[in-house]
Amino acid sequence: MSYSITLIPGDGIGPEVAEAARQVVDASGVKVEWREAAAGQSAFESCGDPLPEATLEAVRSTDATLKGPTATSKGIGFRSVNVALRQKLELFANFRPARSMPGLKTRFDDVDLIVIRENTEGLYSGLEHIVVPGVVESLRVITSRASRRIAKFAFETARRQGRSRVTCVHKANILKLSDGLFLDCFHEIAADFPDIEHDDCIVDATAMRLVSDPHAFDVLVMENLFGDILSDLTSGLVGGLGVTPSANVGEGMAIFEAVHGTAPDIAGKGLANPTALILSSALMLKYLGEKEAANRIEQAVYTVVGAGQVRTGDLGGTSTTDQYTAAVIAALG
Ligand code: NAI
């Protein structure tokens with residue numbers, strides 16, 4: 001079986017890590033027909049549009065998409081390509097596993113969490129306006145439709161992955177209407193999953209508990225901004241942005257990408273750690289049903305990082321992106 005995959009190299013270190021992930025997938029034996037598509041600053045510079053219609057069409061019509069990071073300027077400039085992709089394609093669920101890697105020294109061992117973030121609304125609705133000069137309002141939209149949908153996704157993920165508990169993270173003590181609705185929807189959906197435990201935790205307390213006792217959690221589900229912040233925190237628990245994969249999932253469509261950004265400080269120098277995008281490609285292969293190849297890719301990464309001889313600079317090593325990629329491919333067997 002051959003798959004048709006859209007590859008969006010993106011900006012900064014994106015093309016370097018995308019090429020590494022492409023080589024690893026090809027070396028895994030899974031047959032892929034890659035279709036390259038442009039997005040981000042590079043697309044804006046070449047065709048005047050950071051998210052060309054041809055790229056959206058490629059994402060819609062291929063089996064899955066592997067995406068490098070894309071740049072978004074602060075303040076004025078075009079809107080985030082990531083936010084636009086998630087909203088236009090209704091990729092409503094952001095799935096970010098944070099799992100300790102063998103041999104990688106971090107404060108806690110055996111962290112194994114999944115953060116599930118609602119991807120389409122909250123403060124990312126893009127609804128901002130100037131009330132009067134000096135006063136700006138940003139609207140935080142929470143709907144029962146999106147809240148039920150993300151809660152269902154969290155419980156289904158927990159069930160599929162043999163997890164025992166889902167925790168709803170919120171601020172319903174202060175945001176009584178919006179997060180009150182999010183929490184009510186969570187409880188309503190929880191009733192359909194009696195085999196999975198559920199509880200809830202206020203977002204600030206969750207942040208404190210995550211850094212003091214991450215083993216207290218299993219699967220966490222939350223709205224957009226809380227998920228953006230806490231998933232970077234959980235990535236820090238297991239070795240940082242360079243090693244954390246993610247998936248943006250909708251109905252019959254998914255984009256797999258690293259959690260990190262374009263790393264302009266090291267772009268073009270061959271120093272980027274491609275692990276996060278390589279592990280994202282393993283998530284993509286699982287999504288396509290290629291579990292055996294996905295597990296082999298994960299094991300190859302764990303073997304190389306665990307042995308400690310070939311690591312990129314962010315993990316304390318001196319290897320280049322190419323040397324590390326070659327070591328992962330060699331470990332694939
Ligand atoms: P960043 O993740 O690009 O960089 C933060 C720090 O981590 C830098 O020191 C960088 O060198 C390091 N780093 C990140 N990924 C690395 C890797 N794979 N290997 C080694 N070191 C790595 O975050 P920053 O600087 O806040 O954002 C830069 C740009 O990336 C911005 O334009 C931002 O909008 C964009 N961005 C895009 C994302 C995406 O497309 N999914 C996600 C996050 C940021």
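Counting starts at 1 for both ligands and their atoms, in listed order.
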Residue pairs fulfilling salt bridge (Lys or Arg N to Asp or Glu O under 4.0 Å) with at least one residue in [range], sequence neighbours excluded:
range            : answer
residues 294-303 : K286-E298, E292-R296
residues 301-325 : none
residues 246-268 : K67-E257, R86-E257

Do you see a donor-acceptor pair shorter than 3.5 Å between the side chains of E33 and S4?
no

Hey, does the Lys NZ or Arg CZ of R117 hover above the aromatic six-ring of Y124, less than 6.0 Å from the centre and inside 45° of the axis?
yes

Pi-cation contact, F226 with R140 (under 6.0 Å, within 45°)
yes

Those residues with a heavy-atom separation under 4.0 Å from ligand 1 are I13, K67, P69, T70, A71, T72, N82, L241, E257, V259, H260, G261, T262, A263, P264, D265, I266, A272, N273, D314

